[in-house]
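Everything numeric here is computed off the predicted structure, so don't read it as measured data.
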Amino acid sequence: QVQLVESGGGLGQAGGSLRLSCVASGRTFSNYAMAWFRQAQGKEREFVAAITRSGGSADYADSVKGRFTISRDNAKNTVYLQMSSLKPEDTAVYFCAARFNFRSYNTRDYNYWGQGTQVTVSS
């Protein structure tokens with residue numbers, strides 16, 4: 001019903017920046033809260049950032065607060081994650097996720113997922 005495709009991952013350096021994009025299709029984009037999660041090797045998937053349906057409010061994990069910014073453009077059916085001041089600990093596969101109506105910080109609460117895009121940060 002909703003397809004999500006991430007892009008923009010790659011190799012970054014500590015202190016640098018990357019911007020991830022996620023393009024959605026299949027249902028009315030503005031009906032869905034959107035989020036980014038990440039999963040490092042050997043670890044569980046963890047919350048990174050979430051944004052409300054209108055884009056008026058956003059929440060961040062403490063580990064990325066002040067460094068990452070989530071935004072959305074409903075006219076383009078796209079959500080972004082601007083990643084700045086990158087750290088090696090940011091290395092992970094980043095997943096875009098969608099949930100009807102409300103934001104959540106838990107993996108289990110999201111209904112739709114992208115395939116993930118690898119972000120690797122070197123020191």
Side-chain angles (χ1 to χ4, degrees):
Q1 299 183 110
V2 176
Q3 292 180 285
L4 305 173
V5 180
E6 303 99 332
S7 63
L11 178 64
Q13 63 182 40
S17 63
L18 290 170
R19 189 177 78 158
L20 307 183
S21 299
C22 173
V23 179
S25 62
R27 291 290 182 92
T28 303
F29 183 67
S30 60
N31 286 341
Y32 293 85
M34 302 294 297
W36 290 94
F37 291 78
R38 67 187 182 186
Q39 186 168 17
Q41 185 176 351
K43 296 184 178 180
E44 294 185 351
R45 196 167 298 183
E46 66 175 351
F47 169 78
V48 175
I51 191 166
T52 54
R53 291 166 291 175
S54 67
S57 182
D59 290 310
Y60 301 91
D62 288 342
S63 59
V64 306
K65 193 172 298 181
R67 300 188 299 117
F68 291 7
T69 301
I70 187 171
S71 62
R72 67 191 295 165
D73 185 340
N74 287 348
K76 296 181 178 180
N77 286 6
T78 302
V79 63
Y80 304 95
L81 185 68
Q82 178 65 49
M83 308 166 62
S84 300
S85 301
L86 287 167
K87 302 176 180 180
E89 65 190 48
D90 295 322
T91 296
V93 177
Y94 283 71
F95 297 90
C96 177
R99 182 176 188 267
F100 188 72
N101 281 337
F102 305 117
R103 292 174 296 175
S104 174
Y105 315 112
N106 298 315
T107 299
R108 65 181 181 274
D109 292 331
Y110 282 82
N111 308 108
Y112 305 102
W113 294 86
Q115 80 287 351
T117 184
Q118 176 71 47
V119 171
T120 302
V121 182
S122 299
S123 61

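Between Cys96 and Val79 the shortest heavy-atom distance is SG-CG1, 3.6 Å. When every heavy atom of Ser123 is checked against every heavy atom of Pro88, the shortest pair comes out as CB-CG, 4.1 Å. The two atoms that bring Thr78 and Val23 nearest to each other are OG1-CG2, 3.7 Å, heavy atoms only.
Each of Asp109, Asp59, Thr52 was scored for a side-chain hydrogen bond (donor to acceptor under 3.5 Å, both in side chains) with Arg103, with one residue passing: Asp59. When each of Phe29, Tyr32, Tyr110 is tested with Phe100 by the rule ring-ring contact (aromatic ring centres under 6.0 Å, His included), just one qualifies, namely Tyr32.
Between Thr91 and Gln118 the shortest side-chain heavy-atom distance falls below 4.5 Å. In this structure the side chain of Phe68 reaches within 4.5 angstrom of the side chain of Asp90, judged on heavy atoms. Residues Trp36 and Met83 are not in side-chain contact: their nearest non-hydrogen atoms beyond the backbone lie 4.5 Å or more apart.
Among pairs with a residue in residues 5-24, those fulfilling side-chain hydrogen bond (donor to acceptor under 3.5 Å, both in side chains) read Glu6-Gln115, at least two apart in sequence or across chains.
Using modelled atom types, one side-chain atom of Asn74 and one backbone atom of Arg53 make a donor-acceptor pair closer than 3.5 Å. A donor-acceptor contact shorter than 3.5 Å links the side chain of Arg67 to the backbone of Ser85.
Figure legend: cation-pi geometry between Arg38 and Phe47 absent, as NZ or CZ is not positioned both under 6.0 Å from the six-membered ring centre and within 45° of its axis.
Hydrophobic clustering (side-chain heavy atoms under 4.5 Å, transitive across Ile, Leu, Val, Met, Phe, Trp, Tyr) groups Leu18 together with Tyr60. Cluster annotation: Tyr112 is connected to Leu20 through the hydrophobic network of ILVMFWY side chains, with a link wherever side-chain heavy atoms come within less than 4.5 Å. The cluster map of Ile, Leu, Val, Met, Phe, Trp and Tyr, joined by side-chain heavy atoms under 4.5 Å apart, puts Tyr94 and Met34 in the same cluster. In the hydrophobic clustering of ILVMFWY residues, with side-chain heavy atoms under 4.5 Å counting as a link, Leu4 and Leu81 come out together. Residues Leu86 and Ile70 share a hydrophobic cluster, clusters being chains of Ile/Leu/Val/Met/Phe/Trp/Tyr side chains in contact below 4.5 Å.
Judged as a side chain to side chain donor-acceptor pair (under 3.5 Å), and not counting sequence neighbours, Gln3 has no contacts.
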Pair Asn111, Val2 - check side-chain contact (heavy atoms from CB on, under 4.5 Å), show working. CA-CA 9 Å; Asn111 308 108; Val2 176; over 6 Å; no
